[in-house]
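The next block holds one structure in the form of structure tokens; read it before the comments.
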Amino acid sequence: MSEATSTGYPEENYLTQGSTLKSWLLTTDHKRIGVLYLLTISVFFLLGGLFAAGIRLELATPQGDLVQPETYNRMFTMHGILMIFFFLIPSIPATLGNFLIPLQIGAKDVAFPRLNLASWYIFVIGGCFTLWALVSGGVDTGWTFYTPFSTLFSNSHVLPAALGVFITGFSSILTGLNFIVTIHRMRAPGLTWFKLPLFIWSHYATSLIQVLGTPVVAITIVLVAFERVFHLGIFDPSVGGDPVLFQHLFWFYSHPAVYIMILPGMGVISEVVATFSRKRIFGYKFMAFAVLAIAVLGFFVWGHHMFVSTQSVYAGTVFSVLTMLVAIPSAVKVFNWTATMYNGAVSWDTPMLYAIGFIGLFTIGGLTGVMLGTMGIDIHVHDTYFVVAHFHYVMVGGAIMAFLAGIHYWWPKIAGKTYPVFWSKLAALIVFIGFNLTFFPQFLLGYMGMPRRYHAYPEEFQVLNVLSSAGATVLGVGYLLPVIYLTYSFFFGARCAQNPWGAVGLEWETTSPPPTLNFDEIPTVTGEVYDYSPKKEAQVV
Amino acid sequence: MSVHVSPTSTYVKVFLTLILLTATTVWVAFYDFGILNNVIALGIAFAKATVVVLFFMHVKWSSPLIKLIAGAGVVWLVILILFTLGDYLTRTIHYTAPPI
Amino acid sequence: MSSSHAHAPGLAHHFDSYEQQRQSASLGMWLFVAQEIMFFGGLFTAYLIYRLMNPVVFAVASSELEIKWGALNTGVLILSSLTMALAVRMAQLGKRKAIVGFLCLTLLLGLTFVGVKAIEYTNKWHHHLVPGEHFSFHLSPTEIGALQSHGIDVSDPAQAYYVQSRAEMFFSLYFAMTGLHALHMLIGIGLILYILRPAWKGRFNLDNHNFVEGFGLYWHFVDIVWIFLFPLLYLLGRHLPHA
Amino acid sequence: MELFKHLPLFPESASTVAGKVDAIYFFGIFLSAFFSLLIAVLVVAFAVKFRRRHPDAYGVPEKTSTPLELTWSIIPLLISLFLFGWGVKVFIEVNQAPSNAIEYTAVGKQWMWKFKHPEGNREINDLHVPMGTPIRMKMTSEDVIHSFFIPAFRIKRDVLPGRYSEVWFEATKPGVYHLFCAEFCGAEHSRMIGSVHVMEPAAYEAWLQGKEPGQTAVASGEELFKSLACITCHRGDAGSRGPILANLDGGEVELANGQVVKSDDAYLRESILNPRAKIVKGYEPLMPSYQGQVTEEQILSLIRYLKEINQKVADAGDATPAAETQTAANEG
Ligand code: HEA
Ligand code: HEA
Ligand code: CUA
Ligand SMILES: [Cu+2]
């Protein structure tokens, strides 16, 4: 390492290499592309959140008196599409992954920098199609696009929305492809597989799903679009098409997709828990194999979304037992994080608070997922608010918590600035409280029998719905805070030290923010991964 | 630099094999072998595809990693087909279009 | 950063060596191929399931396709794969003119394929076999006989509807699958046109021929898709009308 | 467990299978609560106990313990396999109708449920069933996928176009229970709600024999208005899909083609039997035809009732503001 960099904020870094709009829009620097993604997905998140606010506002009263049912259906559909395809799937991989993978493996960039930029543009184009669907009146099929409603009956703007999802799919595929090649081919000398941070492992596993799963949903969505436009008869029951086949093809991707959303989060949590416990992750190899196991097993369980769809009972049984298997590696991860904290030196910095929140909420979400995978329970709670609660626990309580943990952890690396400690801890607390208030009542609602995608509901469900709506307001405030103080910090925050957390890992060996080519000199790795010990300060020469 | 360069003759042989297999598959299509019809047609297609992958696409000389990726594509497709098929083959309520 | 490579032509700044660059390109291209397998895979799955559910009608409907065109196109594609493989070989050997020559041959064969496909599509159009409002599937006496021998009596309106609708589904799948394949051919043709110039200018040399090699993988993959489409769509059940 | 059932936060159990589903649910909840609390307590305890007290403090390095890893893989594995087995058992019980089950049919359509009793009676959205008799519901859909869901019975099954699906139940408690459509099916999905009336066998017989006699035309019209699901679209407020049925007693109606027609008995009859003939201004031609589903007698009752509610709305004096919101909503 050159001496000059360890003193702090470098005058020459990737942010200062040109400040024109063009220098951003034509950049091939993975760090800048990560920042571009961060901006775009934030917009989509706020938009999706706005629709969530609409949903909760409507559901505060049972009569369905705020908006027309058509409008409500468009709200939850746009909410689901925006949140899943345009926020959560790209959230961690495309922002933090893009920014950190080359840094953590000691590379100058990803393997295909121009493809990386192209992926962002594809993402934006896909987003434009979705916005087109939105401004022209929205879609009302639910994010799942079930046929034959989506093909023959909906009179909303399915076509642009379907194309939007199709196009974004390729952004996701190409990002995954880029990461796999990067991780295989661009590692610094000495950096063998079992010296890789778990963040890298989980992105590797995620990328596999992106490359092998996404194309299937892409072609399926295209078929839906063609069936609408050219009257091809592929899922249309009147020519013998089977709507359940659509569901198979859809969930073949969309179940693994939930692991696209959570695995990178698990990677972040592993980094954060290790750093803030100042300890090597307990059971490192088990953790590495667990993400691979989740990614692979995740492809065998999609039928658990279809237990009551008239799928064969035998198929359902097989999917159910495989669902149980995929829970095991997740259990291994949860227990290992907990064990890492044992005997650690645990600090209560903001990222760690989010990480602790993640562990608890993901566990609840995951265990209720196991309940859903149990056929005897799913028959009652399928398509009720129990499912809604489950997936918000894993996606909002899990994945978004992890995303926020990651943003707070690597913010000094990305921006080179500090953020206000008090506000950031307060936000973590508000998010945690608001989240539980919003979504815990939904478990109860679900078992009572309140179906999802209901614009109006019988009166006996109102009390719990009001609680949920109240919680959503708190949660909204909790999310707004980081948006505000991080923006403030980016422009006006105090410059921070190169390695404010005392973390190990190649990304902390370079300046914060890093120079355009990441390292003045490509490091050679000799030490172990997560080597936290007082004696050896630097294991990277 | 370790690129394997195959001689032209290999490629020509591969080409002739493929044409031969194509002729065979067309020819046998007109005979009824019962349930073996599909097996034969797909078997020959697989044979042709394998030849293309191994020789034209050089997988025979590629690294294990490339072999793995190529294999993964196929295996994942098999997962998709097999599990979906599993549902259809074990349904007890049969697929009937009721008159409405 | 090893400065010795700083001026190496065709070596991107973030790679250390041609070897690293080449291996990255080939791994990337193979992942792309895997992605393509799954992309077509969704369609193949749908086709297999539906074929299984309606074997007789699909067989009868598929006899509307003309084997001569299908077989011809299979031959054309295999030949184009040969020329493509030879183009890659020439790139590996750094023979500029030969690369261009073989690429041109491949281009011609690709165009032939698309031309034949266009003829077939036109025929389908004239025979009202394009799904949608104008679709109507006319049965020849042999076909009626074949259906009858499998217990499908088209003089019953319900069963006639069954045959019509399943035949429409067959052609929906036919157009979806061959259409997607033809689109890939067109993209391939476009890419050949795109690389002809740099090939002529000698951009592809011993060190740097990743693009030709990667493109070759793509072309062969598209060939493989057709290798499966041909028996599935044209051949299976051919024996039926004769039975 | 009995305790839980009396909480107001718990659905009524009114079928033979409800208890079985509840039992496995409680086990699942217990399991989730146990592991969630375990993890939460450990994480918080470790965060407190091992709190970093010195800025340069380090954790104590530990070796991976394979036995430990195996323990916490195998125990959850066994538990979840147990849950799986139990779940399959319950699922099959909930799905396999006893051989003596009586077959009813249900047809889902946007956005109503149409039922047919084995005796031939037809109902819309309301379903009357006898207690203590296993009933097999044979179902199909006329348009999109719906899902037949009765929370009190803990049963659910999708209803698909172009094929039959089945669900069965045996009600154990008289009462009126919700019937929900659980699969998203379009604009009025949340109003595709029906009621299941579980009756003592004797009462059910009586119900089958004929509706209670001596009802006035208006009263039976009102009943029909509900049972034929007119009410789902004509709720009488601004959000409805159909127009507010006011001012029909000899008033004037503006049609989509600009024509103005007088609302009389013939118009009302036509509106019910052939709704597409005259489309009210500002509305979609959504209303289904009731041709063949209502007897002439019933049409008469309906017309009497329609004129009657017209009266009521006018008397209540809120007809005009409601109508204004209506137009405002349509223009907006
Ligand atoms: C980030 C997203 C995410 C994640 C990670 C998961 C994780 C899991 N999900 Fe979830 N799920 C969704 C997102 C996600 N899900 C979404 C969006 C839907 C609805 C889609 C729609 O219809 O719109 C859904 C729906 C859904 C269903 C269908 C419900 C229905 O429609 O009827 C099922 C059924 O099996 C299910 C199961 C599971 C399981 C078993 C896991 C497992 O991976 C969880 C594993 C984790 C743990 C088990 C916790 C940790 C373990 C321990 C602490 C040890 C103890 C464990 C045991 C004793 C078992 N999910
Ligand atoms: C990443 C995925 C993700 C995320 C983050 C969220 C976030 C939220 N979701 Fe949603 N949700 C889905 C994925 C997600 N959801 C999916 C896939 C569905 C299924 C759709 C379908 O059925 O097709 C769904 C469905 C769904 C429903 C069920 C609708 C129905 O079935 O009828 C509900 C109801 O409560 C809901 C609520 C919320 C709430 C309150 C939040 C909150 O966390 C959002 C909080 C964020 C904000 C509020 C925005 C930021 C703050 C501001 C801009 C400040 C101003 C706002 C206020 C002060 C209120 N979501
Ligand atoms: Cu019918 Cu929802
Ligand atoms: Cu799932």
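Just so you know, these numbers use all the heavy atoms, side chains as well, and skip hydrogens, waters and symmetry mates. Just so it is clear: chains get the letters A, B, ... in the order the sequence lines come, proteins before strands, and each one is counted from 1.
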Part of [X] within contact of chain D (heavy atom distance under 4.5 Å):
X	value
A:I364	both
A:Q247	side chain
A:L464	side chain
A:F461	side chain
A:T147	backbone
A:F149	both
A:F362	neither
A:R452	backbone
A:Y146	side chain
A:Q63	backbone
A:D65	neither
A:T384	side chain
A:A327	neither

Q.
By the definition side-chain hydrogen bond (donor to acceptor under 3.5 Å, both in side chains), identify the one residue from A:D383, A:T77, A:T144 that meets it with A:R453.
A.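 When side-chain hydrogen bond (donor to acceptor under 3.5 Å, both in side chains) is applied between A:R453 and each of A:D383, A:T77, A:T144, only A:T144 qualifies.
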
Is chain A contacted by the side chain of [X], its backbone, both, or neither, given a heavy-atom distance below 4.5 Å?
X	value
D:L37	neither
D:F149	side chain
D:I193	side chain
D:L83	both
D:A57	both
D:K63	backbone
D:Q110	side chain

Would you say that more than 12 heavy atoms from the other residues, nucleotides or ligands in this model lie under 6.0 Å from the [atom1] of [X], or not?
X	atom1	result
D:E284	CD	no
A:F194	CZ	yes
A:F153	CZ	yes
D:K89	NZ	no

Quick one about [Y] and [X] (side-chain donor to acceptor, distance below 3.5 Å, no hydrogens or angles considered), yes or no?
X	Y	result
A:Q311	A:H304	no
D:E166	D:N95	no
A:D236	A:T151	no
A:D140	A:S154	yes
D:R154	D:S15	no
A:Y532	A:S277	no
D:D158	D:H146	no

Who wins among [options] for the most heavy-atom pairs under 4.5 Å with chain A?
options	answer
D:L81, D:V17, D:I145, D:L68	D:I145
D:T66, D:I155, D:L31	D:T66
D:I150, D:I79, D:I29, D:I74	D:I29
D:S147, D:S73, D:A40	D:S73
D:K49, D:K156, D:R53	D:K156

Q | D:S36 side, atom OG; A:L361 side, atom CG - distance, nearest 0.5 Å | A |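 If we round to the nearest 0.5 Å, D:S36:OG and A:L361:CG are 9.5 Å apart.
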
Among [options], which residue has the highest count of heavy-atom pairs closer than 4.5 Å to chain D?
options	value
A:T323, A:T340, A:T374, A:V313	A:T374
A:R280, A:M352, A:H382	A:H382
A:G64, A:G360, A:S309	A:S309
A:Y72, A:Y284, A:W348	A:W348
A:T368, A:N155, A:L445, A:T141	A:T141

Q. Mind checking what makes side chain to side chain contact (heavy atoms under 4.5 Å, CB included) contact with D:V88, not counting sequence neighbours?
A.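 If we apply the side chain to side chain contact (heavy atoms under 4.5 Å, CB included) test to D:V88, skipping adjacent residues, the hits are A:T317, A:M375, D:F84, D:I92.
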
**Q.** residues 41-48 of chain D: residues contacting chain A (heavy atom under 4.5 Å, by number)
**A.**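 Residues D:L42, D:V43, D:F46, D:A47, D:V48 are the ones that qualify, each having a heavy atom under 4.5 Å from chain A.
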
Q. Would D:K226 and D:D126 pass as an ion pair if we require N to O under 4.0 Å?
A.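 D:D126 and D:K226: not salt-bridged.
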
Q.
With a 4.0 Å cut-off on N to O distance, would you call D:E62 and A:K279 a salt bridge?
A.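 A salt bridge is present here (some side-chain N lies under 4.0 Å from a carboxylate O).
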
Q | Partner of A:W337 under ring pair (Phe, Tyr, Trp, His ring centres under 6.0 Å), chosen from A:F358, A:F282, A:Y342 | A |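 Exactly one candidate clears the test, A:F358.
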
Q. Would you call the rings of D:F180 and A:Y454 parallel, tilted or perpendicular if under 30° counts as parallel and over 60° as perpendicular?
A.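 Rings of D:F180 and A:Y454: perpendicular, over 60°.
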
Q. Can you say whether the rings of D:F27 and D:W86 are parallel (under 30°), tilted (30 to 60°) or perpendicular (over 60°)?
A.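 Ring orientation, 0 to 90° scale: tilted.
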
(Q) Using side chain to side chain contact (heavy atoms under 4.5 Å, CB included), reason through D:E12 and D:Y177 one step at a time and then give a plain yes or no. (A) CA-CA 9 Å; D:E12 190 114 39; D:Y177 306 105; 3.7 Å; yes

